[in-house]
Every structure is written in structure tokens, then in C-alpha cells.
Number of protein chains: 2
Amino acid sequence: MKFRTPLELGLLIRRARRARSMTQADLARAAGVGRQWIVAIEAGKPRAELGKTFQTLAALDLSLSIHGEGTPEPPSSRIRIAVPDIEAVVGAHEDPGAPGAMRRRGR
Amino acid sequence: MKFRTPLELGLLIRRARRARSMTQADLARAAGVGRQWIVAIEAGKPRAELGKTFQTLAALDLSLSIHGEGTPEPPSSRIRIAVPDIEAVVGAHEDPGAPGAMRRRGR
DNA sequence: CATGAATGTCGTCGATCGCATACATTTCAT
DNA sequence: ATGAAATGTATGCGATCGACGACATTCATG
């Protein structure tokens, strides 16, 4: 059951709660939050606390897992690529004060 | 990759960020949050905003899924069980004013 | 219709957030 | 070692949270 928004999460929580025949008040007590917070999270409130969310999931005996869409090739270790100094290479040949200065990136 | 706490989530986010060779500042910009917020979430801050968390996961091209540990039998539909009135059934036979009154639940 | 349960909403109030900025520390390439 | 980048930490500020309690609404039941 994949999701990417607070609203979807809220709907899943509500579904799970109902599947267990719990009221919002029940879940709130079990999770150690206010009933109003349950109302909010089920409604998809984006600014709800992360911690309470986990508490709530735990109270429902649920856990999360993470999925990469397209898994980018992870650098197999801690490789640092030595970037050639473009300025030094090109600088000697280019017109001094030429427009379009380049920006550097990386370590 | 299952997890149940903000700290675990933070570690996964950090791992994913590094796998993409992004700095905290990069990720912060991509997710539309402050760099300091990235520092906090990676450190497992429990009171971080849920919405920004999703933004960050999206920036990393990640999504979540939910797992029930032991899936409780969900009521197949919207069944409401008609609870017999215990008091009425038992009341006529039990000692009036007997201790241990029962509590009722459900709609 | 009267009752009770569940849910949603409102207002108050102390606590905390997250951003910006600046500074400190760690890490890495040269 | 040196310098630059990455990362962690501190402060100040306005904005928002979440608990609590009180209502309003809806729905099923008697």
C-alpha cells in the first residue's frame, strides 16, 4: 500500500482503526495523543508531529517501509572523484574578463 | 526496509541522500525546507512536520508503504452487530445492586 | 422522539516549530 | 598543514501545534 501524502496516510490510518473496531477516542488513548489529534491526522493534516504519527501506527500495530522509485546507483563506497581544475586548464587560453563565469560544485 | 521510529527514518533519509551525492543544503533546496530542518530530521527529531517529511521523501524520489504486523480480521463491510441488552436479560435474575456493573461498547 | 455514541469544530493557552543568520566543528582533497 | 565544503549548533522571531473542554451534528437504537 504505497502512499506519498499526509492525506493518504490519514486514510490508511482511519481504515486500520476501523478494521480494529476502535473509536478515535480509543486510538487516541492507545497512542497517547489527544482525540483531536486523531481527527486531524485522519483528515490529512500536513503539519502533524512525526513522533505522534509513529506512536499512532504502533498503537495500530503497523509499521512503515520505504521504497525507491528508480534506485540511483549508490557510490559503492566513499569514493571522491578528483575534479580537474577547469580554471587552470582553460584560463590560460580564454579571454580575461570574459562573461559567463562558471560555478563550481562538489567538495 | 521496515522502521518504526523517527530516528530510523532519519537514518534512511540520510542514507538515500548520500546515495544521491546530495548535500544537506541540496536536499533542503530540493524539498523546499530549511537546511536546519534536514539536520533535524536526519537526527531523528520526533516533532518534525509530517508534510515536510513527505516533501523530502519526494525530493529523494522515495515513497512509503504500510504493513500490518498481525492483520486483524477486518469486518468485511459495515456490519453493525446488534448487541443484546445484557441488563434486560440478566437483570431479572441477578441480585439487585450486585457489584461489578458491566460497561457497554460500540454503536 | 429521546438517548447515547461517534465524529467534527471552536477557542484558549503554554510549548515548540522552522527559518534565517552566524558561528563552531568535522571531513576531505591537495 | 591549509583551505574549502559539509555538517552541527546557538539565538531570535513570528507562526503553529496539540491538549483540554465545550458544543454541534449525525446516526442507530429503543
Side-chain angles (χ1 to χ4, degrees), chain A residues 6-7 10-11 13-56 59 75 77-89 102-107, chain B residues 6-7 10-11 13-56 59 75 77-89 91 101-107:
Chain A
L7 180 55
L11 294 176
I13 287 177
R14 165 163 292 186
R15 197 194 298 174
R17 173 177 63 79
R18 287 189 167 150
R20 290 165 178 70
S21 303
M22 300 174 77
T23 69
Q24 292 178 333
D26 287 338
L27 180 53
R29 247 177 294 110
V33 304
R35 183 177 67 87
Q36 145 106 321
W37 190 86
I38 299 294
V39 174
I41 197 71
E42 289 190 353
K45 180 173 216 177
R47 309 199 45 179
E49 279 186 26
L50 198 54
K52 292 182 192 299
T53 303
F54 279 104
Q55 291 173 25
T56 301
S77 188
R78 296 195 143 279
I79 300 171
R80 292 296 170 181
I81 300 166
V83 179
D85 186 344
I86 301 294
E87 312 303 327
V89 174
M102 300 199 64
R103 273 156 203 77
R104 281 180 296 134
R105 269 269 297 106
R107 279 208 190 258
Chain B
L7 180 55
L11 294 177
I13 287 177
R14 165 163 294 188
R15 198 193 300 172
R17 174 176 63 81
R18 288 188 167 153
R20 290 165 176 71
S21 303
M22 300 175 77
T23 70
Q24 292 178 335
D26 287 338
L27 180 54
R29 247 177 294 109
V33 305
R35 182 177 68 87
Q36 148 105 294
W37 190 87
I38 300 293
V39 174
I41 197 71
E42 289 190 353
K45 180 173 216 179
R47 309 198 45 181
E49 278 187 25
L50 198 53
K52 292 183 193 298
T53 302
F54 278 104
Q55 291 173 27
T56 301
S77 188
R78 295 195 142 279
I79 299 171
R80 291 296 171 182
I81 300 166
V83 179
D85 185 343
I86 303 295
E87 311 303 326
V89 173
M102 301 198 65
R103 274 157 203 78
R104 279 179 297 136
R105 274 266 298 102
R107 278 210 190 254

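First the proteins, then the strands, lettered A, B, ... as listed; each starts at 1.
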message: Is there a side chain to side chain contact (heavy atoms under 4.5 Å, CB included) between A/Leu7 and B/Phe54? Walk through the geometry before answering.
response: CA-CA 11 Å; A/Leu7 180 55; B/Phe54 278 104; over 6 Å; no
Measure across [X] and [Y] and return the closest heavy-atom pair with its distance rounded to 0.1 Å.
| X | Y | answer |
| --- | --- | --- |
| A/Arg17 | A/Met22 | NH1-O, 2.9 Å |
| B/Thr56 | B/Trp37 | OG1-CZ3, 3.2 Å |
| B/Leu27 | B/Ala59 | CD1-CB, 4.0 Å |
| B/Pro6 | A/Gly51 | CG-CA, 4.1 Å |

Whole-Å gap separating [atom2] ([N]) and [atom1] ([X]):
| X | N | atom1 | atom2 | result |
| --- | --- | --- | --- | --- |
| A/Arg29 | C/dA6 | CZ | P | 9 Å |
| B/Gln24 | D/dA5 | CD | C1' | 12 Å |
| B/Met22 | D/dA5 | CE | P | 18 Å |
| B/Arg17 | D/dG8 | CZ | P | 8 Å |
| A/Arg14 | C/dA6 | CZ | P | 14 Å |
| A/Ile41 | D/dA19 | CD1 | C1' | 16 Å |

message: Distance check, rounded to the nearest 0.5 Å: B/Ile38 atom CD1 versus B/Lys45 atom NZ?
response: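 Here the interatomic distance stands at 12.5 Å.
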- line: Of B/Ile38 and B/Arg35, the one whose nearest nucleotide on DNA chain C sits closer to the 5' end is B/Ile38
Angle between terminal axes - the helix from C/dC1-D/dG30 to C/dT30-D/dA1, 5 pairs each end, rounded to 10°: 60°
- prompt: Backbone N or O of B/Ala25 within a donor-acceptor pair of the B/Arg35 side chain at under 3.5 Å?
  reply: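 Pair absent, no side-chain N/O of B/Arg35 close to backbone of B/Ala25.
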query: Considering residues at least two apart in sequence or located in another chain, which fulfil the side chain to side chain donor-acceptor pair (under 3.5 Å) criterion with A/Gln24?
result: A/Glu42
statement: Heavy-atom contacts, protein to nucleotides 11-18 of chain D, under 4.0 Å, summarised as B (base), S (sugar-phosphate only) or - (none) per nt, yield -----SSS
